[in-house]
Amino acid sequence: MGKEKIILTGDRPTGRLHIGHYVGSLRRRVELQNSGLYDKIYVMIADAQALTDNADNPEKVRQNIIEVALDYLACGLDPKKTTIFIQSQVSELTELTFFYMNLVSIQRLQRNPTVKQEILLRGFNSDEAEENKKGIPTGFFCYPISQAADITFCKANVVPVGEDQEPMIEQTREIVRKFNSIYGETLVEPEIMLPDNAACLRLPGTDGKAKMSKSLGNCIYLADEPEEIKKKVLGMFTDPTHLRVEDPGHVEGNPVFQYLEAFCKDEHFEKFASCFVGKKASFVFHNLDELKAKYQEGGLGDMMIKNFLNCVLQDTLEPIRERRKALQKDLAYVYDVLKKGSEAAQKVAAETMAEVKKAMRINYFDPGVLEELIRSQEEKYQ
Ligand code: TRP
């Protein structure tokens with residue numbers, strides 16, 4: 001008998017999910033869910049983590065919980081197979097975080113490269129005295145510790161996330177090892193599961209910038225209407241050296257090709273063959289490698305490729321958008337999924353919490369423990 005295989009992953013509810021989330025995580029989660037290879041799958045809406053840098057904007061977090069839940073269900077997460085829950089509703093997570101804090105030094109937190117980058121991005125400055133500079137909220141600084149609580153409460157051993165989350169998983173592993181070495185074998189050390197397709201590791205924005213971000217306005221959202229998708233695709237950044245159709249083009253660092261890498265399948269070349277029939281020249285491609293070869297050789301215009309990408313994206317996103325629209329008409333059902341999922345997660349967390357308290361010797365009032373405690377104290381005072 002092998003040990004149980006348990007997955008936990010999640011997202012901060014700070015906006016609607018976009019196609020970067022889809023290829024980087026959502027699509028994979030649905031595959032994992034339907035593979036039948038896992039005993040339990042938890043997907044968490046990390047509202048408490050979102051609040052670590054949005055403390056002054058709780059309404060934004062509150063509104064985006066439903067957006068993220070709609071995106072999850074629209075992509076095919078099935079509440080019968082996957083426990084979808086809201087982080088803040090499982091108070092044991094906060095409790096675990098407080099105890100794990102004792103196992104991590106400030107210096108160790110300061111070395112976390114993802115947190116470092118996020119601090120810069122958010123304009124947090126460590127010198128609070130300087131005018132107009134926000135200090136780093138302590139909760140934000142400690143969120144990698146809270147993430148260890150998220151992962152360990154259900155004894156997850158597989159955490160499917162993007163590469164930016166690698167430092168969080170490493171931090172979790174360190175906490176687990178330290179906890180178990182001090183208090184005895186209690187927690188489970190998780191493994192990271194990175195996206196399998198390199199193009200999906202990080203999908204660039206439509207403008208070619210490294211990251212899709214709402215504030216940069218370079219995202220295609222799962223909920224976008226067909227016209228919006230088309231407009232965004234046709235306006236995409238491509239290869240700036242590919243000035244004339246005859247010029248050889250570059251596929252590396254070209255977002256249109258990165259998107260194709262992430263989304264297109266061989267079938268799409270047959271289905272959308274008409275995209276490559278032009279007024280001046282026509283082509284027949286069977287797969288992405290052939291398309292790339294021709295682009296690199298020269299003679300293939302960006303418009304043709306963008307049109308093809310648009311067809312591929314429309315084909316992929318249409319069923320998701322339609323399911324989302326249907327769910328938007330039944331929000332009571334969506335909230336019920338979250339409520340039931342949160343209750344189920346809380347039950348599991350309570351069991352782990354009891355084990356943790358026992359291991360840490362802070363289970364004073366567990367059955368039988370108090371009597372033993374009194375007896376041992378009495379001996380001391382005889
Ligand atoms: N930090 C993750 C993100 O920004 C969200 C998250 C919170 C998470 N807790 C987690 C991911 C635990 C995986 C496991 O997307």
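As the structure lists them, so they are numbered: ligands from 1, and atoms in each ligand from 1. Start at 1 with the first residue, then count along the sequence.
What sits closest to atom 4 (O) of ligand 1 on the protein, heavy atoms only, is Arg12 NE, 3.2 Å. Closest to atom 13 (C) of ligand 1 among all protein heavy atoms lies Val161 CG1, 3.6 Å. Nearest protein neighbour of atom 9 (N) of ligand 1, counting heavy atoms only, is Asp150 OD2, 2.7 Å. The single protein non-hydrogen atom nearest to atom 14 (C) of ligand 1 is Leu8 CD2, 3.5 Å, given as residue, atom name and distance. In terms of protein heavy-atom proximity, atom 15 (O) of ligand 1 is closest to Gly10 O, 3.9 Å. For atom 2 (C) of ligand 1, the nearest protein heavy atom (residue, atom name, distance) is Gln165 OE1, 3.4 Å.
Classification of the Phe276-Phe269 ring pair by plane angle, with boundaries at 30° and 60°, yields parallel. Between Tyr22 and Phe263, the ring-plane angle classifies as parallel under the 30° and 60° cut-offs.
The aromatic ring centres of Tyr295 and Phe257 sit less than 6.0 Å apart. For Phe99 and Phe179, the ring centers sit 6.0 Å or farther from each other.
Near Ala46, with a cut-off below 4.0 Å to any heavy atom, the atoms of ligand 1 are 7 (C). Atoms of ligand 1 lying under 4.0 Å from at least one heavy atom of Met44, given by number and element, are 7 (C), 9 (N), 10 (C).
A side chain to side chain contact (heavy atoms under 4.5 Å, CB included) with Ile151 is found for one member of Leu187, Thr172, Ile175 and no other, namely Thr172.
Residues Lys271 and Asp315 are paired through a salt bridge, judged by an N-O separation under 4.0 Å between the basic side chain and the carboxylate.
A donor-acceptor contact shorter than 3.5 Å is absent between the side chain of Lys5 and the backbone of Val158.
In terms of polar-atom proximity, defined here as any N/O pair under 3.5 Å, Gln49 does make such a contact with ligand 1. For ligand 1, the polar-atom distance check finds no N/O of Asp11 at less than 3.5 Å from any of the ligand's N/O atoms.
With atom 10 (C) of ligand 1 as the reference point, the heavy atom nearest to it among Met168, Gln147, Gln87 is part of Gln147.
When only modelled atom types and interatomic distance are considered, Asp302 and Thr238 share a side-chain donor-acceptor pair under 3.5 Å.
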